[in-house]
Amino acid sequence: MPDYEWQKKMVGRHAAQYVSNGMVIGLGTGSTVRYFAEALGNLVQDGVELRAVATSPQSRRLAEDNAITLLELDGAPRIDICVDGADEVATDLSMIKGGGGALLWEKIVACASARRIYIADSSKLVGRLGRRPLPVEVCQFGHSVVARKLGEHCDDVRLRVQGDHPFVTSSGNYLYDCAFGTIFNARELDALLNNIPGVVETGLFIQMVDVLVSFDGDTISCCESADEVWWN
Ligand code: A5P
């Protein structure tokens with residue numbers, strides 16, 4: 001059984017190689033990005049000037065803990081690269097994200113970035129998406145009506161909870177985790193879901209990978225297009 005925690009650390013550190021002095025970085029969310037943020041902290045200690053735009057309150061804390069200057073997205077001059085994790089990466093490099101509940105801000109920041117690096121241990125690599133439920137962010141108003149609509153397209157729809165209450169995203173929305181089973185056409189599904197009034201965003205990230213950093217066996221491996229993937 002691979003040591004996935006070690007892989008997270010290695011891909012997180014590796015991603016720091018894409019960073020250079022003066023960059024504005026979109027800082028993703030999650031346990032893999034934590035290692036990237038630590039590597040950035042080391043660069044800052046060595047005198048490299050970096051600024052970051054956070055994708056969640058957790059990501060903001062990661063930046064603060066590593067002495068990285070934070071910018072608000074609306075005030076940022078540009079974002080040179082964003083580095084983020086993934087929950088699933090398929091062989092066409094489409095992804096499911098949102099396991100940590102930050103998909104909306106992650107997608108906005110990724111779309112605002114000149115270059116997008118995703119870091120993932122090899123447990124995240126799948127043939128097709130859908131091994132895990134797809135997170136869908138839904139506005140609070142009428143959320144149960146929206147959930148019924150979602151349920152017309154999937155096997156199971158679950159409101160994400162935190163303790164005794166619904167989980168609330170950074171934008172004040174709810175999340176529904178939707179079990180679709182194998183997703184054969186992610187683009188079509190994304191369009192279908194986004195067409196339901198009340199759906200704010202889905203956790204499907206399509207054609208957003210500029211570089212994927214992961215593991216092939218015991219070795220770090222990177223790819224920039226679906227032609228270069230090594231798993232199936
Ligand atoms: C946050 O909402 C997610 O999209 C994370 O980026 C994703 O869940 C990866 O997280 P880990 O690095 O903790 O697996």
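In each ligand, atom 1 is the first atom listed, and ligand 1 is the first ligand listed.
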Distance filter under 4.0 Å to Asp84 heavy atoms, resulting ligand 1 atoms: 6 (O)
Short side-chain donor-acceptor distance under 3.5 Å, Tyr35 and Gln7: no
Salt-bridge present (Asp177, Arg158; N to O < 4.0 Å): no
Show me the donor-acceptor pairs within less than 3.5 Å that the side chains of residues 109-117 make with the rest of the protein, sequence neighbours left out.
from: Ser113; atom 1: OG; to: Val109; atom 2: O; distance (Å): 2.7
from: Arg116; atom 1: NE; to: Met208; atom 2: O; distance (Å): 2.8
from: Arg116; atom 1: NH1; to: Ala110; atom 2: O; distance (Å): 3.1

Polar contact flag for Val33 and ligand 1 (N/O pairs, less than 3.5 Å): no
Atoms of ligand 1, numbered as shown, that sit under 4.0 Å from any heavy atom of Gly99: 2 (O), 3 (C), 8 (O)
Proximal ligand 1 atoms for Asp87, defined as those under 4.0 Å from one of its heavy atoms: 7 (C), 8 (O), 9 (C)
Among Ala86, Ala102, Ser31, Gly30, closest by any non-hydrogen atom to atom 13 (O) of ligand 1: Ser31
Gly101: numbered ligand 1 atoms lying under 4.0 Å from its heavy atoms: 2 (O)
What donor-acceptor contacts under 3.5 angstrom involve side-chain atoms of residues 23-32, with partners at least two apart or in another chain?
from: Thr29; atom 1: OG1; to: Thr55; atom 2: OG1; distance (Å): 2.7
from: Thr29; atom 1: OG1; to: Ser56; atom 2: OG; distance (Å): 2.8
from: Ser31; atom 1: OG; to: Lys8; atom 2: NZ; distance (Å): 2.7

Identity and distance of the protein heavy atom lying nearest atom 12 (O) of ligand 1: Thr32 OG1, 2.6 Å
Flag side-chain contact, heavy atom, 4.5 Å: Val200 against Thr169: no
Which atom of Leu193 lies closest to which atom of Val136, heavy atoms considered: CD1-CG2, 4.2 Å
Numbered atoms and elements of ligand 1 in range of Lys124, under 4.0 angstrom, heavy atoms: 11 (P), 14 (O)
Arg34 bridged to Glu38 by N-O distance under 4.0 Å: yes
For Lys97, atoms of ligand 1 separated by under 4.0 Å from a heavy atom: 3 (C), 4 (O), 5 (C), 6 (O)
Taking atom 1 (C) of ligand 1 as the reference point, the nearest protein heavy atom with its distance: Glu106 OE2, 3.0 Å
Single hit among Thr202, Asn195, Asn185 for side chain to side chain donor-acceptor pair (under 3.5 Å) with Asp190: Thr202
Nearest-contact summary for atom 5 (C) of ligand 1 - protein heavy atom, Å: Thr29 O, 3.3 Å
